[in-house]
Amino acid sequence: MNGAEWLARALAGAGTTHVFFVESVLRRTLLQLGDLGVMRVLAHTEKAAAYMADGYARVARLPGVCMAQSVGAANLASGLQDPYLGRSPVVALTGRKEPSFQHRNAYQEIAHAPLFAAVTKFSTSVDSTAELPRLLRHAWCAALADTPRPTHLDFCGLQGDVIELGQTSEPPIIDPAARRIPAHRPVGNDAEIERAAAALAAARRVVVVAGDGAAASQAGPEVLALAEALQAPVATTLGARGIIPTGHRLSAGVAGSYSAPPANRIVHGAEVVVFAGCDTGDQVTLNWTVPPRDSKIVQIDADPLEIGRSYPNTTGLVGDPKATLARLNQVIGKPARDASFAEEAARIVADWRATMTPLVENDTAPIRVERLCAEVTRALPSDGILVVDTGYSGIWTGTMIELNGAGQTYLRAAGSLGWAFPASLGAKCAAPGRKVLCFTGDGGFYYHLAELESAHRCGIAAAVVVNNNSGFGQNLTGVRRIAGNQPGRGEELIRFGPTDFTAVARSFGVRGIRVERPGEIAPALAEALGANEPVVVDVVTDLEPRAPEPWVPGR
Ligand SMILES: Cc1ncc(C[n+]2csc(CCOP(=O)(O)OP(=O)(O)O)c2C)c(N)n1
């Protein structure tokens, strides 16, 4: 079989239903993929193609495939930063000019290897069809294996032509086990589990902080079972929002820097913290102050290098969070527990929620984002997928949108503004039977507006809610502070618009619904989520209101 055909058959055989690309690359493979029923989503920028592949991968739990030719490789690599940070298995395929073109001022090409080094866990060149099966299998398995991250194959030839030249007799099979994330479920060592169980049984105030790794492992039921057994409140990373029902009496909310006040207070007040599949990075720990650095920790992670990375006083369990928590729960059993810490935590959460009620119920224009979030909570179907951008979009949705912890999925940008809209298109491709709602600010939406055309052309029916406050809302506080809090000064750095995104959408043939009053939100969301086409809901809000802020120790 010709290498181009082998690649198409291998990708389709591995369960790939969509690939995301900018022409001109791997043309013969793309044509073959079409013949095999795989949808080729032609994007307008390589970065958007990478984000689409990321959203696809997170929902399909399979590698998302994106492609670009030589000159597009740098753009594609820039789009791998977010899946790298977000631990998403994206496989990037690029073309690169032949060796005879290297080191002699070739048109349109810089060295690819350094571009991909920082954003992949495996990146190599493919110089012959004979090497293709082995290298694709490795790129695929490496992307899926813990910790999932992007991988990259750089095909010889501007458009990856090398694989068109040679033949292979290998069967077009990437992974006979048809693995999805998590690719493996190792269980932590028994002696360590016993030690962790003893430490938890001896503590009165235990908190669980569940992270993106626990969400990827689908460990929600096991997290909740541990929490109930220990009467331990559960906080999460932003990416694990909704791993348990957010309205549960033990739910403390998102912890760290993108949080409302309760979660940090509760985590900070614990005697022992269980980090389950949690990267213990600066965002979830508020720069390693929540919990304090010398806290007693039980940490469960599939990657041994994560154990004790930032908290030295750690008992580590190396294993898949779901499988290891299940074993830990067996060992812990159903102990008699003092529920006073859980009750105290529930009171902290309830008191904070009460302070938000007037904003949630606000019925006047300009629309409050708290009200918008409450309407999204009501509108999102029980198996809906919510894809949110970074910055305030992450904070608003992570603090104010409630999720059922059973069927709904929350995907967040790992930090790159503009990620959410293309990622939501990829998510919808992976789950055509589920409703996908993208929540973005106008600043984030501007990045990839052109993908409205892709959504329309490819019939990708995502609903996009734009929190349109005519500026980089999150940054208002910072620019004002730097400008000495002088009225008006600093704002020129972050204001733009006003733009009517429904008119923008219509120019691409996409339905747009403008929302200016609170009462219009619910019917607009119902219409957008009921449609079998992409819809932009342009919600006019105000730049001034600030999103919830975290509780900071000692302040
Ligand atoms: C690629 C990139 N550039 C810049 C930033 C910094 N940043 C974070 S949030 C934000 C403003 C977001 O504005 P918008 O999307 O309109 O949402 P709002 O804060 O107004 O709700 C900026 C500029 C970023 N996260 N990513």
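Since the structure is predicted, the reported quantities are computational estimates derived from the model, not experimental observations. All heavy atoms count here, side chains included; hydrogens, waters and symmetry mates do not. Whatever order the structure lists them in is the order used to number ligands and atoms, beginning at 1.
Counting only non-hydrogen atoms, the option in Leu493, Asn467, Leu417, Asn469 that gets closest to atom 26 (N) of ligand 1 is Leu417. Here the shortest heavy-atom distance to atom 15 (O) of ligand 1, taken over Ser393, Gly444, Gly418, belongs to Gly444. Nearest to atom 1 (C) of ligand 1 by heavy-atom distance, out of Trp419, Phe445, Phe439, Tyr447, is Tyr447.
When only non-hydrogen protein atoms are considered, atom 13 (O) of ligand 1 lies nearest to Phe472 CD2, 3.2 Å. Among protein heavy atoms, atom 21 (O) of ligand 1 sits closest to Tyr392 CB, 3.3 Å. When hydrogens are left out, the protein atom nearest atom 20 (O) of ligand 1 is Gly473 N, 2.6 Å; that is the closest non-hydrogen contact. The nearest protein atom to atom 9 (S) of ligand 1, hydrogens excluded, is given as Gln474 OE1, 3.0 Å; this is a heavy-atom distance.
Atom numbering of ligand 1 starts at 1 in the shown order; those under 4.0 Å from a heavy atom of Gly443 are 14 (P), 15 (O), 16 (O). Atoms of ligand 1 lying under 4.0 Å from at least one heavy atom of Gly391, given by number and element, are 9 (S). Interface of Gly441 with ligand 1, defined as ligand atoms under 4.0 Å from a residue heavy atom, comprises 14 (P), 15 (O), 16 (O), 17 (O). Those atoms of ligand 1 with a heavy atom of Gly415 less than 4.0 angstrom away are 24 (C), 25 (N), 26 (N).
A ring-centre distance under 6.0 Å is not found for Tyr51 and Phe421. Annotation: Phe501 is in aromatic contact with Tyr446 [ring centroid separation under 6.0 Å].
In terms of N/O distances under 3.5 Å, ligand 1 is not approached by Trp396. In terms of polar-atom proximity, defined here as any N/O pair under 3.5 Å, Thr390 makes no such contact with ligand 1.
The only member of Arg87, Arg241, Arg412 that meets salt bridge (charged side-chain N to carboxylate O under 4.0 Å, His left out) when paired with Asp212 is Arg412. Under the side chain to side chain contact (heavy atoms under 4.5 Å, CB included) test applied with Met67, the options Val22, Leu153, Leu93 reduce to a single match, Leu93.
With Ser416 contributing its side chain and Trp419 its backbone, the two residues share no donor-acceptor pair below 3.5 Å.
Side chains of Arg517 and Thr364: a donor-acceptor N/O pair is absent below 3.5 angstrom, by distance only. A side-chain donor-acceptor contact under 3.5 Å links Thr94 and Asp154.
The shortest side-chain heavy-atom distance between Val284 and Asp279 falls under the 4.5 Å cut-off.
Only the side chain of Asn475 comes within 4.0 Å of ligand 1, judged by heavy-atom distances.
The residues Arg480 and Glu544 are annotated as salt-bridged, a charged nitrogen and a carboxylate oxygen being separated by less than 4.0 angstrom.
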